[in-house]
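A quick write-up on the structure given underneath.
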Amino acid sequence: MRLTRYFLPVLKETPAEAQIVSHRYMLRAGMIKQASAGIYSWLPLGFKVLKKIEDIVHEEQIRAGHIPMLMPTLQSADLWRESGRYDDYGQEMLRITDRHGRDMLYGPTNEELITDIFRANVTSYKDLPLTLYHIQWKFRDEIRPRFGVMRGREFYMKDGYNFDLTKEDALHAYNRHLVSYLRSYERMGLQAIPMRADSGPIGGDDTHEFLVLAETGESEVFYDSAVTDLTFGDREIDYDSVEQCQAIMEEFTTKYARTDETHDEAAFNEIPEERRRVARGIEVGQIFYFGTKYSEAMGASVQDKDGNKVPVHMGSHGIGVSRLLGAIIEASHDDKGIIWPEGVTPFHCGIVNLKQGDGDTDAACEGLYAALTKAGLEPLYDDRNERAGGKFATMDLIGLPWRITVGPRGLKNGVVELTSRKTGESVELSAEDAVARVVEIYAGV
RNA sequence: CGGGCUAUGGCGCAGCUUGGUAGCGCGUCCGUCUGGGGGACGGAAGGUCGUAGGUUCGAAUCCUGCUAGCCCGACCA
């Protein structure tokens with residue numbers, strides 16, 4: 001993309017409404033614009049990152065054997081009366097009346113809808129196990145939205161639901177989700193620690209929240225510092241293997257890591273003192289096993305081998321897709337702007353032309369642009385007639401991980417400059433080598 | 001929902017106390033000079049001062065209602 005043809009309304013000054021760094025940078029980098037309290041338009045740059053995150057979530061869910069679908073944002077209140085949650089949810093649920101006077105609601109979650117689909121179409125144990133998920137906009141009418149997309153009222157979320165014949169099968173589904181979530185976050189450049197949590201209004205027995213450590217986190221967290229040494233890496237995983245998923249779940253959840261809701265001071269104090277950590281975290285996902293709570297209330301059952309009608313065991317699992325943008329920025333930025341991890345960056349590489357209109361530099365930039373594009377990468381070429389300072393400041397703000405700087409001075413010696421946004425380190429090399437280097441970097445992402 | 005605050009051009013702000021017909025910086029547009037970290041000079045466009053009403057010869061400014069937004073708390077992914 002050429003910057004002169006793109007829509008990137010960056011701001012030099014910080015809008016007054018933004019308090020935390022991710023919100024400030026998202027506004028300044030032209031990623032979002034507030035439409036009303038807690039509701040945002042996603043401008044092209046923000047939309048691009050949102051889609052990258054969504055793509056990773058989809059890929060990892062499909063890899064784990066889960067099936068994508070899409071349910072509506074507006075739901076009938078009747079289903080929620082059936083589950084008993086229409087009254088439980090309170091003011092946080094946005095209630096709407098249609099022209100016929102029917103009670104509707106903008107869904108804050110989808111347990112009722114998915115259970116309705118399930119019970120209408122699944123009747124036999126042979127159809128199990130089944131895990132369906134979707135990524136859709138949700139709405140929770142927060143009393144006080146704040147922190148930009150981190151705590152908006154409208155938010156984009158992956159939510160999935162597993163249906164299993166037995167508790168054992170359902171726990172395997174739970175473990176699959178834990179593993180697939182670990183992989184997803186790691187691809188986004190995040191360390192999200194699974195912590196034993198409280199099940200809240202969804203209810204249930206087992207639940208883990210995934211938290212990204214950040215000073216601006218909403219939750220106080222207590223953990224054994226050994227958990228931050230764990231990484232999933234590129235290990236092979238067979239999602240059909242109950243033992244393997246179980247082993248990974250245990251590996252990542254045995255060491256002490258809890259939010260303040262479930263914190264146990266005595267257990268915490270058993271950790272060697274030098275490994276005890278108290279910090280803050282941003283919740284970016286949660287998985288639940290809740291047994292037959294919804295299936296019993298809503299009649300979601302199947303016939304087992306003996307012809308008996310039994311309620312299915314269920315779980316649900318969510319990833320806050322839109323919230324993740326905020327979390328990633330909170331975890332990865334400096335005083336100049338965002339630093340995107342390579343897995344979610346809106347463009348792979350920036351190209352800065354230091355002397356727009358100069359025949360040689362223009363030609364060199366065009367060459368780089370064409371070569372990177374041909375290699376399957378998406379460069380952002382700053383071809384504006386701006387001075388160097390302005391171009392650098394924009395690139396730093398929007399946080400592309402790599403920048404190729406092209407100027408007459410370097411070209412005289414046959415080199416361009418490749419700079420890491422994260423470390424600030426630059427190397428001079430030929431244009432061909434710069435392209436090769438960037439291609440190599442992204443080959444592993 | 002309790003407490004506090006704000007609303008003036010795309011963004012950040014001043015002007016309000018003491019009413020007299022709106023200003024600054026950034027950004028935008030045009031031109032010239034520039035050209036490796038938000039450059040300089042010259043010109044220009046852009047505002048029913050959130051909204052409704054009141055006081056007054058006259059309201060951005062004083063008074064009242066309403067709306068929207070922000071902060072702290074409680075709540076929440």
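Throughout, a chain's letter reflects where its sequence line sits, starting with A, and its residues are numbered from 1. Source: prediction; values computed, not measured.
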Query raised in the report: E92(A) side chain: which of G38(B), G12(B), C76(B) is closest?
Result: C76(B)
Query raised in the report: Quick one: H23(A) NE2 to C71(B) P, roughly how many Å, whole number?
Result: 8 Å
Report task. Check step by step if side-chain hydrogen bond (donor to acceptor under 3.5 Å, both in side chains) holds for E54(A) and Y156(A). Result -> CA-CA 9 Å; E54(A) 179 181 354; Y156(A) 201 45; 3.1 Å; yes
Query raised in the report: For the pair made of CG in L11(A) and C1' in G25(B), what is the distance, rounded to whole Å?
Result: 15 Å
Query raised in the report: Could you give the CZ-to-P distance, from R387(A) to G27(B), as a whole number of Å?
Result: 12 Å
Report summary line: Side-chain contact check for R146(A): nearest option of G36(B), C70(B), C72(B) is C72(B)
Query raised in the report: Separation of M157(A) atom CE from C76(B) atom P, in whole Å?
Result: 16 Å
Query raised in the report: Checking only heavy atoms, does the side chain of E13(A) share a donor-acceptor pair with the base of G27(B) at less than 3.5 Å?
Result: no
**Report entry** Nearest heavy atoms of V212(A) and A192(A), plus distance in Å
**Finding:** CG2-CB, 4.2 Å
**Report entry** Touch class at under 4.0 angstrom, heavy-atom based, for R403(A) against every strand present
**Finding:** base
Query raised in the report: In whole Å, what separates the C1' atom of G50(B) from that of G69(B)?
Result: 10 Å
Report task. Have a look at Q34(A) and say if it touches a base, only the backbone sugar-phosphate, or nothing, with a 4.0 Å heavy-atom cut-off. Result -> sugar-phosphate
Query raised in the report: Less than 4.0 Å between a side-chain N and a carboxylate O, is that true for E154(A) and R140(A)?
Result: no
Requested in this report: Mind checking E386(A) for me? I need base, sugar-phosphate or nothing, with any heavy atom below 4.0 Å counting as a touch.
Outcome: base
Query - Whole angstrom value for the distance that separates C1' of U28(B) from CZ of F7(A) - result: 13 Å
Report task. When you get a sec, tell me which of G35(B), G36(B), G38(B) is the closest nucleotide to the side chain of T394(A)? Result -> G38(B)
**Report entry** M395(A) and D382(A), any side-chain heavy atoms less than 4.5 Å apart
**Finding:** yes
Query raised in the report: What distance, rounded to whole Å, do you find between the two C1' atoms, one in C11(B) and one in U55(B)?
Result: 35 Å
Query raised in the report: How is G390(A) classified with respect to the nucleic acid when contacts are heavy atoms under 4.0 Å: base, sugar-phosphate, or nothing?
Result: base
Requested in this report: Looking at every strand, decide which applies to D159(A) at a 4.0 Å heavy-atom threshold: base, sugar-phosphate, or nothing.
Outcome: nothing
Query raised in the report: So what does E17(A) touch, heavy atoms closer than 4.0 Å: a base, only the sugar-phosphate, or nothing?
Result: sugar-phosphate
Requested in this report: Kindly indicate whether the side chain of D358(A) and the base of G35(B) share any N or O donor-acceptor pair separated by less than 3.5 Å?
Outcome: no
Query raised in the report: Mind checking the C1' distance from C30(B) to A45(B)? Whole angstroms is fine.
Result: 10 Å
Requested in this report: Pick base, sugar-phosphate or nothing for G424(A), based on heavy-atom distances below 4.0 Å to the nucleic acid.
Outcome: nothing
Query raised in the report: Expressed in whole Å, how much space separates the C1' atoms belonging to A59(B) and G15(B)?
Result: 14 Å
Requested in this report: Select base, sugar-phosphate, or nothing to describe what G407(A) touches, counting heavy atoms under 4.0 Å on all strands.
Outcome: base
**Report entry** Sugar-phosphate, base or nothing in reach of G410(A), heavy atoms under 4.0 Å
**Finding:** base
Query raised in the report: Would you say the side-chain atoms of T292(A) and S295(A) include a donor-acceptor pair closer than 3.5 Å?
Result: no
**Report entry** Minimum heavy-atom distance L178(A)-M249(A), with the two atoms named
**Finding:** CD2-CA, 3.9 Å
Query raised in the report: Does any nucleotide pair with C33(B) by Watson-Crick or G-U wobble geometry, both distances under 3.5 Å, and what is it?
Result: G39(B)
**Report entry** P atoms of G4(B) and U64(B), separation to the nearest Å
**Finding:** 15 Å
Query raised in the report: Is any side-chain N or O of K12(A) closer than 4.0 Å to OP1 or OP2 of C26(B)?
Result: no
Requested in this report: With P as the reference atom in both, quote the distance from U6(B) to C62(B) in angstrom, rounded to an integer.
Outcome: 12 Å
Query - Side-chain N,O (R140(A)) to OP1/OP2 (C75(B)) below 4.0 Å - result: no
Requested in this report: Starting at atom CD of E218(A), determine the distance to atom P of G73(B), rounded to an integer number of angstrom.
Outcome: 14 Å
**Report entry** Interatomic distance, R144(A) CZ vs A68(B) P [rounded to whole Å]
**Finding:** 17 Å
Query raised in the report: C1' atom, A7(B) versus G12(B): distance in rounded Å?
Result: 14 Å
Report task. Calculate the interatomic distance between I143(A) atom CD1 and C72(B) atom P; express it in whole Å. Result -> 15 Å
Report task. When you get a sec, tell me which of C71(B), C13(B), G35(B) is the closest nucleotide to the side chain of A16(A)? Result -> C13(B)
Query raised in the report: If we call it a pair only when both distances are under 3.5 Å in a Watson-Crick or G-U wobble match, what pairs with C57(B)?
Result: G20(B)
Query raised in the report: Would the F347(A) and Y6(A) ring centres measure less than 6.0 Å apart?
Result: yes
Requested in this report: Assess the side chains of Q286(A) and T207(A): does a donor N or O sit below 3.5 Å from an acceptor N or O?
Outcome: yes
**Report entry** Euclidean distance for P, U67(B) against A52(B) (whole angstrom)
**Finding:** 15 Å
Query raised in the report: The side chain of A393(A) lies closest to which of these nucleotides: C13(B), G36(B), G38(B)?
Result: G38(B)
Query raised in the report: If you check the R151(A) side chain, which of G12(B), G37(B), C75(B) turns out closest?
Result: C75(B)
